[in-house]
Amino acid sequence: MNIRTTMPSTTPIIIDAEKPSRVLDLGELWRYRGLIGLFIRRNLVTRTKQSVLGPLWLVLVPLITTLVFTVVFNRMAGLPTEEHPPFLFYLAGVTAWTFFSGSFQQTASFFVDNLSLLSKVYFPRLCLPLSILGTQLVTFFVQISVFLLIFGTFILFGSLPDWHVSILPFLAGLAQLSLLALGSGLLVASATVKYRDLLHILGFFVNLWLYATPIIYPGSMIPSSWRWLLVVNPAAAPVELIRQAFLPGSEVGGAILLTSWLLTLAIFILGVRAYLKVERTFVDTL
């Protein structure tokens with residue numbers, strides 16, 4: 001009985017990452033929308049579960065920050081607030097900035113923070129940044145509800161004679177801050193795959209960005225020779241829009257608004273392209 005054994009091929013098999021895609025697979029992200037919802041729920045539960053005050057921290061942090069800003073920058077430093085109640089003026093800016101900075105910083109570190117999960121199971125990696133943005137949006141609407149409650153109290157007691165509510169500027173500012181936070185966060189996250197020390201200076205950079213943005217002062221306070229800061233800072237216009245949706249002030253110029261949107265879209269596109277370039281190889285690099 002003759003038995004013929006077929007020897008396995010000696011042709012080497014090379015397993016490597018696919019070439020990076022140049023476009024987002026939006027259909028795949030839509031199919032994983034349930035996972036994004038689970039991540040949002042996980043983030044909210046983790047944030048409030050093991051704390052004494054629980055969900056109250058979502059409200060207390062911006063209120064305490066606003067109180068400090070009111071005492072330090074208005075009472076002691078004497079910075080103007082365009083004749084609006086200082087507490088409301090700062091609370092509007094702090095609420096907008098808390099949403100942006102939280103979304104930006106957490107997105108910037110999502111590769112490093114979730115390395116153990118990302119190295120074990122496949123799912124579209126962009127689900128994590130989107131869940132971070134979704135979590136921050138939930139937090140933002142909780143905080144803006146508190147702002148509206150305080151805002152209504154000022155109106156009820158006649159302490160706010162000059163006010164209005166404009167939905168379109170509010171939504172436009174929120175949409176722009178969302179794109180800016182996601183794009184800049186993805187850009188930094190992609191860079192941290194190779195340069196981990198960027199995360200060490202991120203908090204310092206965000207603090208500098210805070211003072212370059214009209215949070216503790218109105219945009220009208222900036223002298224004409226320094227107005228270019230509002231042009232090159234894409235976060236300035238949306239923060240002003242969100243505040244002016246409730247507290248009328250100096251209008252954001254059309255040129256500043258257009259430039260801000262163009263910079264935001266450019267940062268978002270750069271961030272997405274950088275993410276697509278590293279998403280399939282980051283596990284081997286980190």
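None of these values were measured; they are calculated from a predicted model.
For the pair Phe104 and Leu202, the minimum side-chain heavy-atom distance is below 4.5 Å. Under the 4.5 Å side-chain criterion, counting only non-hydrogen atoms from C-beta, Phe170 is not in contact with Leu241. In this structure, the side chains of Leu63 and Leu67 stay at 4.5 Å or more apart for every pair of heavy atoms. Taking the side chain as every heavy atom from C-beta outward, Leu118 and Arg125 approach each other to under 4.5 Å.
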Can Phe268 and Trp261 be said to form a ring-ring contact (aromatic ring centres under 6.0 Å, His included), step by step? CA-CA 10 Å; Phe268 178 74; Trp261 263 108; over 10 Å; no

Kindly indicate, with the supporting measurements, whether the criterion ring-ring contact (aromatic ring centres under 6.0 Å, His included) is fulfilled by Phe141 and Phe99. CA-CA 10 Å; Phe141 280 110; Phe99 163 71; 8.5 Å; no

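For Tyr217 (side chain) and Tyr211 (main-chain N/O), a donor-acceptor pair under 3.5 Å exists by modelled atom type. A distance-only check finds a donor-acceptor pair linking the side chain of Ser260 to the backbone of Pro234 [under 3.5 Å]. For Tyr90 (side chain) and Ile215 (main-chain N/O), no donor-acceptor pair under 3.5 Å exists by modelled atom type. Remark: side-chain polar atoms of Glu82 are not paired, donor with acceptor, to backbone N or O of Pro218 under 3.5 angstrom.
Between Phe151 and Phe87, the ring center distance fails the sub-6.0 Å criterion. Aromatic rings of Phe147 and Phe246 (six-membered ring for Trp) have centroids within the 6.0 Å cut-off, being under it.
Annotation for Arg42: atom CZ counts as buried by contact number, over 12 foreign heavy atoms lying within 6.0 Å. Annotation: Glu83, atom CD; neighbour count of heavy atoms from other residues, nucleotides and ligands within 6.0 Å does not exceed 12. The neighbour count for Leu168 CG, taken as heavy atoms of other residues, nucleotides or ligands under 6.0 Å away, does not exceed 12. Atom CZ of Arg75 sits in a sparse spot, with 12 or fewer heavy atoms from other residues, nucleotides or ligands closer than 6.0 Å.
Going from atom OG of Ser220 over to atom CG of Leu230 covers 10.0 Å, rounded to the nearest 0.5 Å.
Here the closest non-hydrogen pair linking Gly219 and Arg227 is O-NH1, 2.7 Å.
Between Phe73 and Phe69, the ring planes are perpendicular. Angles over 60° get that label, and only those under 30° would be called parallel.
Shown are Thr98, Leu44, Ile144; of these, the side chain to side chain contact (heavy atoms under 4.5 Å, CB included) with Thr139 is made only by Leu44.
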